[in-house]
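Proteins come first, then strands; the chains are lettered A, B, ... in the order of their sequence lines, and each starts at number 1. These figures come from a predicted structure and were not determined experimentally.
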Amino acid sequence: MLDPAYIREHPDAVRRGARRKGIAFDVDRLLALDEERRRLTRLQEEARAEQKALGRQVATLAGPSRAQVLEHLAGLKARVQAHTEDLERVTTELDALLLACPNPPDEDAPDGPDEGANVELRRWGEVRDLGFAARDHVELMTGLGMLEVERAGRLAGSRSYVLKGPGALLEQAVLRLAQDVIVARGFVLLSVPVLVKEWTLRGTAYFPGAEEQTYRIANPTSDDEPYWLVGTSEVSVTALHGGEILDAAQLPLRYAGVSTCFRREAGTYGKDTRGVYRVHQFQKVEQVVVDVADDARSLAHHAAILDNAEEVLRRLELPYRVMAVAAGDLGRGARYKVDLEAWMPGRQAFGETHSATRFGDYQARRLNLRYRDTDGRVRFCHTLNNTVVASPRVLVALVEAHQQPDGSVRIPTALRPYLGGLEAIRAP
RNA sequence: GGAGGGAUGGCCGAGCGGUCGAAGGCACCGGUCUUGAAAACCGGCGUGCCCGAAAGGGUACCGGGGGUUCGAAUCCCUCUCCCUCCGCCA
């Protein structure tokens, strides 16, 4: 959400931001409603002030004068009621527009309508020819007894999987490595709820918009308040301090959430259907930073959380490229986003494994997440987040990049301590 | 699953349906006193929105939503959360 006062004062910046993101948005309608809201507020509050003053007199009056005042008050009550109803109607539409209003992208974000316009910033590692026909992760992992896809389908349908034996152990090893990296860098690990209330999803800017991508769980005692399964622990972690006024001295908060993530992947039929690249349920370690509203500090945090993620890929010895995400692919909330894409020989392509996002105060406003600044003023925080590691997608890159001619998979050195020193996974 | 109790400002804790944004205490900030500190004393000390250049004024908020009333922190309904006891269970 943007500051209504900011939209009022910089309507052109908001219009231009929406245009760059390719999101149709009616700024004029929002401004008109904002104007109307203020007009009605004034009328309603004036009537209330009179009502309050007269109401206080009622107690001291008796007889005809009391009856007269009561009669006048009845008229006032009707006026207040009418204004309140008008105000409610206007506020409902205005709030919906405010929630939908896109955060203008940073000037640094490349122009372009979709991911095809993403700009490569740099690369790490060498994408080298394996020297033999690359197998993809399904073939490799199935052959090594790491993965069951067909039986998993009987259990849970499409886009499900069973990690098995060395596959399951490898996943745990990767998750643990990622947690150790992020904790060593000063982040506090949080094991968080995956079943959450709706405000957390609105607050993190997933709703309205991503309802169809999210699993909804009926609440047996209240149909009005369903629960939802998070698609990322970013939701639970960022919303953790929602509604609070933090002390500037305790910022920045550096958190890493660990959780299972759930995504319906509606509308992706036929896309990435093979293997475990795109699935309904996966494990992820996610980093979140909450700090004061200072652009320079946000930029520094963004660089830091990006490096944290790169450190994980480097330790896994996975070549990757760093992509600045185009304005049209940022979504409504992000100001700036950088994706990391690891090389996946089975696809002969880079595949997205991380996504580092800077929101400014867009999420914080929705979450009512604030802090008291050193000057005593209350301000909205800035928030950022990035993946630390997500499995099983990272396993796709891992087994494909480290496959050997005989179908075995070499374990990168950094991962061996988590696997009892295992150097390679070989066919049983 | 059954029975009961509770939710008030950063914390604790009062609050006959009107003069309650809300007593009191703690914490915090400023001042007096002191060589300095402590103690004592004096003062300040919530958030949003509206009007205003500002000073300031208005309005809303006592877990959320709805209702009764001229008027609700106080009465009624409902939801959420917390606690106690019984039952069941990882």
Position toward the 5' end of RNA chain B (nearest nucleotide), Leu70(A) or Glu88(A): Glu88(A)

Phosphate OP1/OP2 of A60(B): any Lys52(A) side-chain N/O under 4.0 Å: yes

Sugar-phosphate, base or nothing in reach of Val69(A), heavy atoms under 4.0 Å: nothing

Whole-Å C1' distance, C61(B) and U8(B): 12 Å

Between C1' of C49(B) and CD of Glu36(A), the distance in whole Å: 16 Å

OP1 or OP2 of C49(B) under 4.0 Å from side-chain N/O of Arg38(A): no

Distance-only polar pair, side chains of Tyr418(A) and Gln172(A), donor-acceptor under 3.5 Å: no

Any donor-acceptor N or O pair under 3.5 Å, side chains His72(A), Glu50(A): yes

Whole-angstrom distance between G15(B) and G9(B), as gauged at atom P: 16 Å

Rounded interatomic separation in angstrom, taking CZ from Arg8(A) and P from C51(B): 7 Å

Identity of whatever pairs with U68(B) - Watson-Crick or G-U, under 3.5 angstrom: none

Which nucleotide in U47(B), C50(B), U69(B) has an atom nearest any side-chain atom of Lys77(A): U69(B)

Reported CG-to-CG distance for the pair Leu31(A) and Leu97(A), which is rounded to 0.5 angstrom: 10.0 Å

Separation between the P atoms of A14(B) and G4(B), rounded to whole Å: 24 Å

Pairwise distance CE(Met146(A)) to CD1(Ile425(A)) - rounded to 0.5 angstrom: 3.5 Å

Short side-chain N/O contact from Arg372(A) to OP1 or OP2 of G10(B), under 4.0 Å: no

C1' spacing across the pair U68(B) / U74(B), given as an integer number of angstrom: 13 Å

Same-atom distance (P) from C28(B) to U19(B), integer angstrom: 33 Å

Residue closer to the 5' end of RNA chain B, Val378(A) versus Gln44(A) (nearest nucleotide): Val378(A)

C41(B) - base-pair partner by Watson-Crick or wobble geometry, distances under 3.5 Å: G31(B)

Residue Tyr227(A), side-chain heavy atoms: nucleotide from C81(B), C70(B), C50(B) that is nearest: C81(B)

Closest nucleotide among C49(B), C70(B), A60(B) to the Thr41(A) side chain: C49(B)

Length of the line joining Asn368(A):CG and G64(B):C1', which is rounded to integer Å: 14 Å

Distance, rounded to the nearest Å, where Tyr371(A) contributes OH and G46(B) contributes C1': 19 Å

Touch class at under 4.0 angstrom, heavy-atom based, for Ala74(A) against every strand present: nothing

Gap between atoms CE and P, on Met1(A) and G48(B) respectively (whole Å): 13 Å

Ring centre gap for Trp228(A) and Phe207(A) strictly below 6.0 Å: yes

Shortest side-chain distance from Ile245(A), nucleotide among C70(B), G58(B), U47(B): U47(B)

Side-chain heavy-atom pair Phe262(A), Thr214(A) within 4.5 angstrom cut-off: no

Gap between atoms CZ and C1', on Arg48(A) and U69(B) respectively (whole Å): 13 Å

Side-chain N,O (Arg37(A)) to OP1/OP2 (C49(B)) below 4.0 Å: no

G87(B) and U47(B), which share atom name P, separated by this distance in whole Å: 49 Å

Distance between P atoms of G31(B) and A53(B) (Å, rounded): 34 Å

Separation of U59(B) P from Leu40(A) CG (nearest whole Å): 18 Å

Nucleotide nearest Leu73(A) (side chain, heavy atoms from C-beta), chosen from U59(B), C70(B), G48(B): C70(B)

Complementary nucleotide for U84(B) - Watson-Crick or wobble, under 3.5 Å: A3(B)

Any strand: nucleotide that pairs with C11(B) via Watson-Crick or wobble, under 3.5 Å: G25(B)

Pair Glu286(A), Ser233(A): side-chain N/O donor-acceptor within cut-off below 3.5 Å: no

Length of the CH2-P vector between Trp199(A) and C81(B), whole Å: 13 Å

Residue matched to C49(B) through Watson-Crick or wobble contacts both under 3.5 angstrom: G58(B)

Base-pairing mate for G63(B) - Watson-Crick or G-U, with both contacts under 3.5 Å: C79(B)

Side-chain N,O (Arg370(A)) to OP1/OP2 (U47(B)) below 4.0 Å: no

Under 3.5 Å donor-acceptor, Glu9(A) side chain and Tyr6(A) backbone: no

Whole-Å C1' distance, G36(B) and C20(B): 43 Å

Options A60(B), C50(B), U47(B), nucleotide nearest the side-chain atoms of Glu45(A): C50(B)

